[in-house]
Engineer: 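Before anything else, here's the structure in question.
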Amino acid sequence: MGSVRTRIPPSPTGYLHVGNAWAAFFNWLFARRQGGQVVLRIEDTDPTRSSPEYERAIYEDLRWLGIDWDEGPDVGGPYGPYRQSQRAHLYREAAEALLRVGAAYRCYCTPEEIEQERRRALAERRPYRYSGRCRTRSEAEVRALEREGRRPALRLDVGQFHDPRWVTADGWLQARREDGRDRLYVVVHDLIRGEVAFGLDELDDFIVVRSDGTALYNFANVVDDHGMRITHVLRAVEHLSNTPRQVLLYRALGWEPPQFAHLPVLVGPDRRKLSKRHGDAALREYRDELYLPEALRNFFALMAWYPEDGREIFSTEELVQRFDLTQVGRASPVFDRQKLLWMNGEYMRRALREDPERVVDLVAGYLARHGLLPESLLPEQRAYVRRVVEVLGERIKEGADVLRYGDFFFLETPRYEPQAVASYLQGEQAAAVLKLAQQVVREVEPFAAAALEAALRRAAAERGFSMRAVVHPVRVALTGKTVGPGLFELMEVLGRERVLRRLEHAVAVGAAAGSAV
RNA sequence: GGCCCCAUCGUCUAGAGGCCUAGGAUACCGCCCUCUCAAGGCGGAGACGGGGAUUCGAAUUCCCCUGGGGCCA
């Protein structure tokens, strides 16, 4: 009994998509749980949309997420090649085998003819199925069609399966009594959904190889999964309806099909399949927004599966240990950004505790991407970012929070929010408070949070100001906003000179806003 | 059009006939803490899509309907 092998089959037509990343993660979890292998297969059969750049980006995104693979185009392996574009000869061989055993036949019908048949079926309100016309063409007919320049497609002869000898003990083809007659069913044994039966007579002779010689998705998949010794195919439900066709192909080729598990589809808030239209469908956008891979993994695990009642935070090791495919849910989960944000906050706080330098790197990178810092930092610049991160602390749940709470640390002059100015910088009292603060700031020693707080409290008490009445205007003067880190910590990081400059500038800002009203 | 899948609070879900006056988390709303925000603590509101059937008893089993999704394309 060979070990478990799963596959991750991305198309290099864009960046790794969140939905695919999630499915990839489940494939990875399952394989690791079983002590098996993960195979990465690049499905680049569409040359117009595939590119090596995207292929590299997918490796990068997958690795960033913490998903590794044992075989793939970049790492090699005994069952390659691992790019579909390099496997055409294998599809051709399999097609020839099908022809050789009489399981498939050449079809000379043109797309126009097929379309016509389909229209007629639709008009007569009956389900369209290919007529099977080409199954019985005479040699003379074929020669004539070839002379016309027609190139044949290859169709699987599904009729061959209407034969009791296929009904065997393993139960993939079952005869069921229905309305007094036997009907044959192709039965998919799905690890998540149980037995799903498809009437054999619902299936027509489907195309396996196009007239231009290229393999159809279903066919390439079967050849690849078998060739790569895949034992467990974990993929989205949208492939469930294709599975009976694939099972037929396995049988026609004399191969044992793998086990199937059809995962639900991740959907957006509108309950439609997650796509670019939802924005942030690319995994790397989350990376850019400072989402941590371990947070994503934990969050992904909780979509359609719960490791244990009551708990939500799990290390990846725990997830691997507990993963149980049979407990995976069948309904489509909505990808909930808010809960992800919460979870990222949990992991961000943990990172702050356990590896603050990592957070410093992330924040520095984020600031650089937003033009507030250069790409590479001088030691003192980095030290400054470290101080900012300390002061921002657990307020950072995602990248945007860095700017939301701390952009003023990196701006020459804060961006004054009009609402904050109107509320706290205008008027006589605000001006008086700012003057008072200037005085305190000029004199306080040392220029540190504790001393600042003590001095400002004392000064406020002497003048009969409440602490609130002092803190709010000063905060707006220094940061431009009403939210943010503790005032005294923030002053310490800013330093005496800048604080004084901003305090002074804020008096002018308040006056200008007042006169503009 | 045919076939297939799916259905518990807004969202992620627990629930596999009585433990359910349906539990947790998130989001939301209050209160507390507090220089604001965040975090934290406490509390609140909030769901079994509808109808039948089986059963002493159904969120849980079966059937139909409705709604969503997919495949053939």
Side-chain angles (χ1 to χ4, degrees), chain A residues 111 114-115 118-119 121-130 185-186 188 190 192-194 196-204 206-207 216-218 236-245 262-273 298-313 326-327 329-343 345-346 348-349 352 391-397 401 404-406 420 423-424 449 452-453 456-457 460 465-476 479 481-491:
Chain A
I114 300 293
E115 186 51 37
R118 182 176 299 134
R119 284 233 189 76
L122 211 66
E124 293 167 19
R125 296 170 51 81
R126 56 184 170 78
Y128 167 74
R129 272 174 225 129
Y130 175 63
Y185 284 89
V186 180
V188 176
D190 190 282
I192 294 173
R193 284 153 215 277
V196 185
F198 298 83
L200 183 59
D201 47 19
E202 304 286 346
L203 302 170
D204 64 356
F206 57 93
I207 293 186
L216 255 83
Y217 171 81
N218 279 328
V237 245
E238 56 208 26
H239 296 291
L240 181 54
S241 301
N242 276 323
T243 309
R245 274 175 260 274
H262 287 93
L263 271 15
V265 176
L266 284 196
V267 297
D270 55 358
R271 293 259 168 211
R272 306 188 72 86
K273 187 176 166 182
N298 194 156
F299 182 69
F300 275 165
L302 264 34
M303 314 233 60
W305 177 58
Y306 257 64
E308 186 181 293
D309 189 15
R311 198 140 78 91
E312 306 240 88
I313 303 293
T326 65
Q327 293 300 310
R330 297 181 289 269
S332 306
V334 174
F335 188 78
D336 183 3
R337 296 286 313 261
Q338 288 185 313
K339 188 150 186 175
L340 206 213
L341 180 62
W342 164 76
M343 186 161 285
E346 292 283 316
M348 198 58 99
R349 286 198 289 282
L352 233 25
V391 161
L392 248 24
E394 60 196 13
R395 268 163 277 252
I396 308 171
K397 288 197 278 186
D401 294 322
R404 182 174 303 127
Y405 297 117
S423 304
Y424 295 108
L452 279 162
E453 176 162 11
L456 212 55
R457 273 187 194 284
F465 289 133
S466 74
M467 201 51 184
R468 280 164 189 251
V470 173
V471 164
H472 290 308
V474 174
R475 169 186 301 287
V476 175
T479 71
K481 51 190 85 212
T482 56
V483 300
L487 181 64
F488 309 106
E489 288 73 35
L490 144 194
M491 288 172 102

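In what follows, chains are A, B, ... by sequence order, proteins preceding strands, each numbered from 1.
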Engineer: Side-chain contact, heavy-atom cut-off 4.5 Å: A/Y128 with A/I114?
Structural biologist: yes
Engineer: Please report, rounded to the nearest Å, how far the C1' atom of B/rG70 is from the CG atom of A/L266.
Structural biologist: 15 Å
Engineer: Provide the Watson-Crick or G-U wobble partner of B/rC71, both distances under 3.5 Å; none if there is no partner.
Structural biologist: B/rG2
Engineer: Given atom OH of A/Y130 and atom P of B/rG1, what is their separation to the nearest angstrom?
Structural biologist: 26 Å
Engineer: Are A/H472 and A/T482 side-chain neighbours, meaning at least one heavy-atom pair lies under 4.5 Å?
Structural biologist: no
Engineer: Can you tell me, in whole Å, how much space there is between the C1' of B/rG17 and that of B/rU54?
Structural biologist: 11 Å
Engineer: Let me know which of A/V196, A/T243, A/L203 forms a side chain to side chain contact (heavy atoms under 4.5 Å, CB included) with A/V186.
Structural biologist: A/L203
Engineer: Can you measure A/E238 atom CD to B/rA73 atom C1' for me and round it to whole angstrom units?
Structural biologist: 15 Å
Engineer: Show the distances under 3.5 angstrom between N or O atoms of the protein and N or O atoms of nucleotides 34-38 of chain B.
Structural biologist:
unit_1 : atom_1 : unit_2 : atom_2 : d
B/rC35 : OP1    : A/R457 : NH2    : 3.0
B/rC35 : O2     : A/R475 : NH2    : 2.8
B/rC35 : N3     : A/L487 : N      : 3.2
B/rU36 : OP1    : A/R468 : NH2    : 3.4
B/rU36 : O2'    : A/T482 : O      : 2.9
B/rU36 : O2     : A/T482 : O      : 3.3
B/rU36 : O2     : A/G484 : N      : 2.9
B/rU36 : O2     : A/G484 : O      : 3.3
B/rU36 : N3     : A/R475 : NH2    : 3.2
B/rU36 : N3     : A/G484 : O      : 2.6
B/rU36 : O4     : A/G486 : N      : 3.4
B/rC37 : O2'    : A/Y405 : OH     : 3.1
B/rC37 : O2     : A/R395 : NH1    : 2.7
B/rC37 : O2     : A/G484 : O      : 3.3
B/rC37 : N3     : A/R395 : NH1    : 2.2
B/rA38 : O2'    : A/E394 : O      : 3.2
B/rA38 : N3     : A/E394 : OE2    : 3.2

Engineer: How close or far is atom C1' of B/rA73 from atom CZ of A/R118, stated in whole angstroms?
Structural biologist: 6 Å
Engineer: Hey, does A/F488 have a side-chain heavy atom less than 4.5 Å from the side chain of A/L456?
Structural biologist: yes
Engineer: What is the distance, rounded to the nearest whole Å, between atom CD of A/E202 and atom C1' of B/rG2?
Structural biologist: 6 Å
Engineer: Send over the distance from A/D190 CG to B/rG70 C1', rounded to a whole Å.
Structural biologist: 14 Å
Engineer: Which protein N or O atoms sit under 3.5 Å from an N or O of nucleotides 48-51 of chain B?
Structural biologist:
none

Engineer: Could you please name the partner base of B/rC35, counting Watson-Crick and G-U wobble pairs only when both distances are under 3.5 Å?
Structural biologist: none
Engineer: Taking the C1' atom in each of B/rC48 and B/rU61, what is the distance between them to the nearest angstrom?
Structural biologist: 16 Å
Engineer: Using the C1' atom as the point on both nucleotides, what is the distance between B/rU8 and B/rC71, in whole Å?
Structural biologist: 28 Å
Engineer: Keeping A/R395 on the side-chain end and A/G484 on the backbone end, is there a donor-acceptor pair under 3.5 Å?
Structural biologist: yes
Engineer: Under the criterion side-chain contact (heavy atoms from CB on, under 4.5 Å), I'd like the reasoning laid out for A/L302 against A/M343: C-alpha separation, chi angles, the key distance, then a yes or no.
Structural biologist: CA-CA 11 Å; A/L302 264 34; A/M343 186 161 285; 3.9 Å; yes
Engineer: Please name the nucleotide paired to B/rG30 by Watson-Crick or G-U wobble geometry with both distances under 3.5 Å, or report none.
Structural biologist: B/rC42
Engineer: Quick one: are A/P264 and A/R193 in side-chain contact, heavy atoms under 4.5 Å?
Structural biologist: yes
Engineer: Which one is paired to B/rC62, where only Watson-Crick or G-U wobble pairs with both distances under 3.5 angstrom count?
Structural biologist: B/rG52
Engineer: Nearest 0.5 Å please: distance from the CG atom of A/L216 over to the CZ atom of A/F206.
Structural biologist: 9.5 Å
Engineer: Could you walk me through whether A/V471 and A/R468 satisfy the side-chain contact (heavy atoms from CB on, under 4.5 Å) test, starting with their C-alpha distance in whole Å, then the side-chain angles of each, then the deciding distance to 0.1 Å, before giving a yes or no?
Structural biologist: CA-CA 5 Å; A/V471 164; A/R468 280 164 189 251; 5.9 Å; no
Engineer: Applying a 4.0 Å non-hydrogen cut-off, can you work out what A/A236 is touching in the nucleic acid: base, sugar-phosphate, or nothing?
Structural biologist: nothing
Engineer: Sort out the partner of B/rC19 for me: Watson-Crick or G-U wobble, both distances under 3.5 Å, none otherwise.
Structural biologist: none
Engineer: Reading nucleotides 6-14 of chain B 5' to 3', which nucleotides get B (base under 4.0 Å from a protein heavy atom), which S (sugar-phosphate only), which -?
Structural biologist: SS--BBBSS
Engineer: May I ask you to test the A/R129-A/D201 pair for a side-chain heavy-atom distance under 4.5 Å?
Structural biologist: no
Engineer: If you define the side chain from C-beta out and look only at heavy atoms, does anything of A/L487 sit under 4.5 Å from A/E453?
Structural biologist: no
Engineer: Provide the distance between the two P atoms, one in B/rG69 and one in B/rC32, to the nearest whole Å.
Structural biologist: 46 Å
Engineer: Which whole-number value in Å describes the distance from A/I313 CD1 to B/rA39 C1'?
Structural biologist: 14 Å
Engineer: Between B/rU26 and B/rG46, how many Å separate the two C1' atoms, rounded to a whole number?
Structural biologist: 13 Å
Engineer: Within the structure provided, determine whether A/F335 and A/F300 are in side-chain contact (heavy-atom separation under 4.5 Å).
Structural biologist: yes
Engineer: Work out how far the C1' atom of B/rC29 is from that of B/rA45, and round it to whole angstrom.
Structural biologist: 8 Å
Engineer: For nucleotides B/rG23 and B/rC64, find the distance between their C1' atoms and express it as a whole number of Å.
Structural biologist: 31 Å
Engineer: Could you work out which one of B/rG40, B/rG2, B/rG70 sits closest to the side chain of A/R129?
Structural biologist: B/rG2
Engineer: Rounded to the nearest Å, what distance is computed from the CG atom of residue A/L340 to the P atom of nucleotide B/rA27?
Structural biologist: 12 Å
Engineer: Rounding to the closest angstrom, what is the interatomic distance between B/rC28 and B/rU11 at atom C1'?
Structural biologist: 12 Å
Engineer: Does any part of the side chain of A/E346, heavy atoms only, come nearer than 4.5 Å to the side chain of A/N298, both counted from C-beta?
Structural biologist: no
